[in-house]
Amino acid sequence: MYYIGIDLGTSSVKSLLMKEDGTIVKTAGFEYPIYFPKSGWSEQDPEDWFEQTINSLKALTEDINKNEIEGISFGGQMHGLVTLDENDNVIRKAILWNDGRAEKETEYLNSEIGREVLSENTANIAFAGFTAPKILWMRKNEPENFKKIKKIMLPKDYLIYRLSGSFATDMSDASGTLLLDVKNRCWSKKMLDICGVREEQLSKLYESYEAVGTLKEDIAKIIGFPDNVKVIAGAGDNAAAAVGTGTVGEGGCNISLGTSGTVFISSKNFRVDKNNALHSFAHADGYYHLMGCMLSAASCNKWWSDDILKTVDYAAEQKNIEKLGENDVFFLPYLMGERSPHNDPNAKAAFIGMRMDTTREEMTQAVL
């Protein structure tokens, strides 16, 4: 039997085909654009996700017996706001996790509603990247679009809906909406009231390892799969990666560097950082985890090389760097504001410590 994992990232969708013993058979990946309509804004078109996921599934399975595919599951970028109308049409481009437009809404939640109220009802405080502030922003700034909302979902859950027809999410991804009562693993009535959202507008909650349905017949025909292939809820990208690195149960820890950078600590018990500088989320293993997230990590190196130095030959730029950590020049990586621990969407990136003799290599090293 074969199993498929789909990772809906910020820059591309990556898929993996594996056998039941864990042997990796093939991988595939397809990119899609990010839109920056205003400074600090970050959006994507969910239709791009779907189209490239279909392309990825076709490329991944072109050489195998598709009748042996048992299940598909997901990891994905968290916090993004995807809204559908009564006809299941996407109302507007998805507002992504690293979008900073909801600064005022974040301040309203933390100051006027209050951090204690938020933490008591969701185990977290508001960050501009979370989903709830985005909903408030949409209600205030796009009231006509807000009135059209029939379904609110997260990015990977849009793929689940398109592939299976199941309106579903998992506990780990839902934790990052600021709408979930993390301790009790249910939607928070208090937060729904604050955001003007009804529970029927939100996905049904599952644990990450639970099946939410099977492939829709029309989708199965398009990709040549049997329609009894199970679709599993999956997890937010960091929780999924944590399972992959064995960071489960009590006291595990990993660091991951992708577009963002995270420190992830697994726990069997629910706990909250007293300063709320760390996120307290449900984990994909059925327990909990604490996580700190920087919004710009490896994406800083991509920005520096691609956009500033105008090269994709990363190795050439780095070949003369011998002593990482022994810096004279430093780089503050706040290209999209910052989340943990500063919680400041207006934070800006900067090079510090430059002199007349500062070299290109020293600046590259600072970014690394």
Distance-only criterion, 3.5 Å: show the donor-acceptor pairs between side-chain atoms of residues 144-152 and protein atoms not counting sequence neighbours.
residue, atom, partner, partner atom, Å
N145, ND2, E142, OE1, 3.2
K151, NZ, D88, OD1, 3.1
K151, NZ, Y161, OH, 3.4

Which donor-acceptor pairs under 3.5 Å do side chains of residues 33-40 form with protein atoms, sequence neighbours excluded?
none

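With K26 contributing its side chain and D63 its backbone, the two residues share no donor-acceptor pair below 3.5 Å. At least one donor-acceptor pair under 3.5 Å links the side chain of S111 to the backbone N or O of E107. Between the Q318 side chain and the A315 main chain, no donor and acceptor come within less than 3.5 Å of each other. One N or O on the side chain of H283 and one on the backbone of T247 form a donor-acceptor pair closer than 3.5 Å. Listed for the T214 side chain is no donor-acceptor partner under 3.5 Å among the backbone atoms of K230. Checking side-chain atoms of T53 against main-chain N and O of W49 turns up a donor-acceptor pair under 3.5 Å. Put simply, the side chain of S175 gets close to the backbone of A282: a donor and an acceptor are under 3.5 Å apart. Looking only at distances, no side-chain donor or acceptor of E112 sits under 3.5 Å from a matching main-chain atom of L109. Between the side chain of S296 and the backbone N or O of S299 there is no donor-acceptor pair closer than 3.5 Å. Here the side chain of S166 pairs no donor or acceptor atom with the backbone of A168 at under 3.5 angstrom.
Under the 4.5 Å side-chain heavy-atom criterion for grouping Ile, Leu, Val, Met, Phe, Trp and Tyr, I91 is not connected to L84 through any hydrophobic cluster. Residues L278 and M291 fall into different hydrophobic clusters, defined by Ile, Leu, Val, Met, Phe, Trp and Tyr side chains chained together at heavy-atom separations under 4.5 Å. Note: the hydrophobic cluster containing Y334 does not contain V329 (ILVMFWY, side chain heavy atoms under 4.5 Å, direct or indirect links). I69 and V25 fall within a single hydrophobic cluster, where Ile, Leu, Val, Met, Phe, Trp and Tyr are joined by side-chain heavy atoms under 4.5 Å apart, directly or via other members. Hydrophobic cluster membership differs between L368 and W303, with clusters built from Ile, Leu, Val, Met, Phe, Trp and Tyr side chains linked at under 4.5 angstrom.
Residue pairs satisfying the ring pair (Phe, Tyr, Trp, His ring centres under 6.0 Å) criterion with at least one member in residues 56-103, sequence neighbours excluded, are listed as follows: H79-F130.
Between N124 and L118, the closest side-chain pair of non-hydrogen atoms is not below 4.5 Å. Considering only heavy atoms from C-beta on, I54 comes within 4.5 Å of L163 through its side chain. With a 4.5 Å cut-off on side-chain heavy atoms, M294 and P333 count as touching. Considering only heavy atoms from C-beta on, D328 stays 4.5 Å or farther from T358 through its side chain. Put simply, the side chain of W137 does not reach to within 4.5 Å of the side chain of K104, judged on heavy atoms. Between K14 and E31, the closest side-chain pair of non-hydrogen atoms is not below 4.5 Å. Looking only at side-chain heavy atoms (C-beta outward), F264 and T245 stay at 4.5 Å or farther from each other. Annotation: side chain of Y287 is not in contact with side chain of V248 (no heavy-atom distance under 4.5 Å).
Geometrically, R185 engages Y288 in a cation-pi contact, judged by NZ or CZ lying under 6.0 Å from the ring centre and within 45° of the ring axis.
To the nearest 0.5 Å, atoms CZ (F167) and CD (E200) are separated by 10.0 Å. Atom CD1 of I160 sits about 4.5 Å away from atom NZ of K156, to the nearest 0.5 Å. Annotation: the span from S260 atom OG to L295 atom CG amounts to 7.5 Å, rounded to 0.5 Å. Within the model, atoms SG of C293 and CD of E338 stand 7.5 Å from one another, a figure rounded to the nearest 0.5 Å. Here N98 contributes atom CG and R339 contributes atom CZ; the two are 9.0 Å apart, rounded to the nearest 0.5 Å. To the nearest 0.5 Å, the span separating CG on D237 from OG on S256 amounts to 7.5 Å.
When all heavy atoms are compared, the tightest approach of S208 to A235 is OG-CB, 3.6 Å. In terms of heavy atoms, Y206 sits closest to A233 at CB-CB, 4.0 Å. Across all non-hydrogen atoms, the minimal contact from T177 to T131 is CA-OG1, 3.4 Å. Here the closest non-hydrogen pair linking Y32 and T10 is CE1-O, 3.7 Å. I125 and L178 get closest at one heavy-atom pair: O-CD1, 3.5 Å. Considering all non-hydrogen atoms of both residues, A128 and T106 come closest at CA-OG1, 3.2 Å.
A donor and an acceptor atom, one from each side chain of N269 and S267, are nowhere located under 3.5 Å apart. A donor atom on one side chain and an acceptor atom on the other are not found under 3.5 Å apart for Q365 and E326. For the residue pair N346/E103, the side-chain donor-acceptor check at 3.5 Å is satisfied. For the 3.5 Å distance criterion, the side chains of T364 and R360 fail to qualify, holding no donor opposite an acceptor. Between N184 and D181, the side chains place a donor N or O and an acceptor N or O closer than 3.5 Å (distance only, hydrogens not considered).
Applying the 6.0 Å contact sphere to NZ of K216 captures more than 12 heavy atoms from other residues, nucleotides or ligands. Other residues, nucleotides and ligands place no more than 12 heavy atoms under 6.0 Å from the NZ atom of K302. The 12-atom threshold is not exceeded at CD1 of I24, counting heavy atoms of other residues, nucleotides or ligands nearer than 6.0 Å. The local environment of CD in E68 is crowded, with over 12 non-hydrogen atoms from other residues, nucleotides or ligands closer than 6.0 Å. The neighbour count for K190 NZ, taken as heavy atoms of other residues, nucleotides or ligands under 6.0 Å away, does not exceed 12. Around the CD atom of E322, the shell of radius 6.0 Å holds no more than 12 heavy atoms that belong to other residues, nucleotides or ligands.
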Q: Assess whether side-chain hydrogen bond (donor to acceptor under 3.5 Å, both in side chains) is satisfied between S56 and S15, documenting all intermediate values.
A: CA-CA 7 Å; S56 182; S15 57; 2.4 Å; yes
(Q) Assess the residue pair E47 and R162 against the criterion (salt bridge (charged side-chain N to carboxylate O under 4.0 Å, His left out)); give the C-alpha distance rounded to whole Å, side-chain angles, the decisive distance to 0.1 Å, and a yes or no. (A) CA-CA 10 Å; E47 187 63 28; R162 290 293 298 271; 3.0 Å; yes
Q | From CA spacing to verdict: side-chain hydrogen bond (donor to acceptor under 3.5 Å, both in side chains), D157, T169 | A | CA-CA 6 Å; D157 302 328; T169 192; 2.6 Å; yes
**Q.** Step-by-step side chain to side chain contact (heavy atoms under 4.5 Å, CB included) determination, M153 to T83
**A.** CA-CA 6 Å; M153 57 185 68; T83 53; over 6 Å; no
Q.
Under the criterion side-chain hydrogen bond (donor to acceptor under 3.5 Å, both in side chains), I'd like the reasoning laid out for S188 against T122: C-alpha separation, chi angles, the key distance, then a yes or no.
A. CA-CA 7 Å; S188 166; T122 72; over 6 Å; no
Q: Assess whether side-chain hydrogen bond (donor to acceptor under 3.5 Å, both in side chains) is satisfied between Y314 and D306, documenting all intermediate values.
A: CA-CA 9 Å; Y314 295 3; D306 295 6; 2.9 Å; yes
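For W304 and F351, the gap between ring centers is short of 6.0 Å.
Salt-bridge formation is detected for the pair K221/E217: a Lys NZ or Arg NE/NH1/NH2 atom is positioned less than 4.0 Å from an Asp or Glu carboxylate oxygen.
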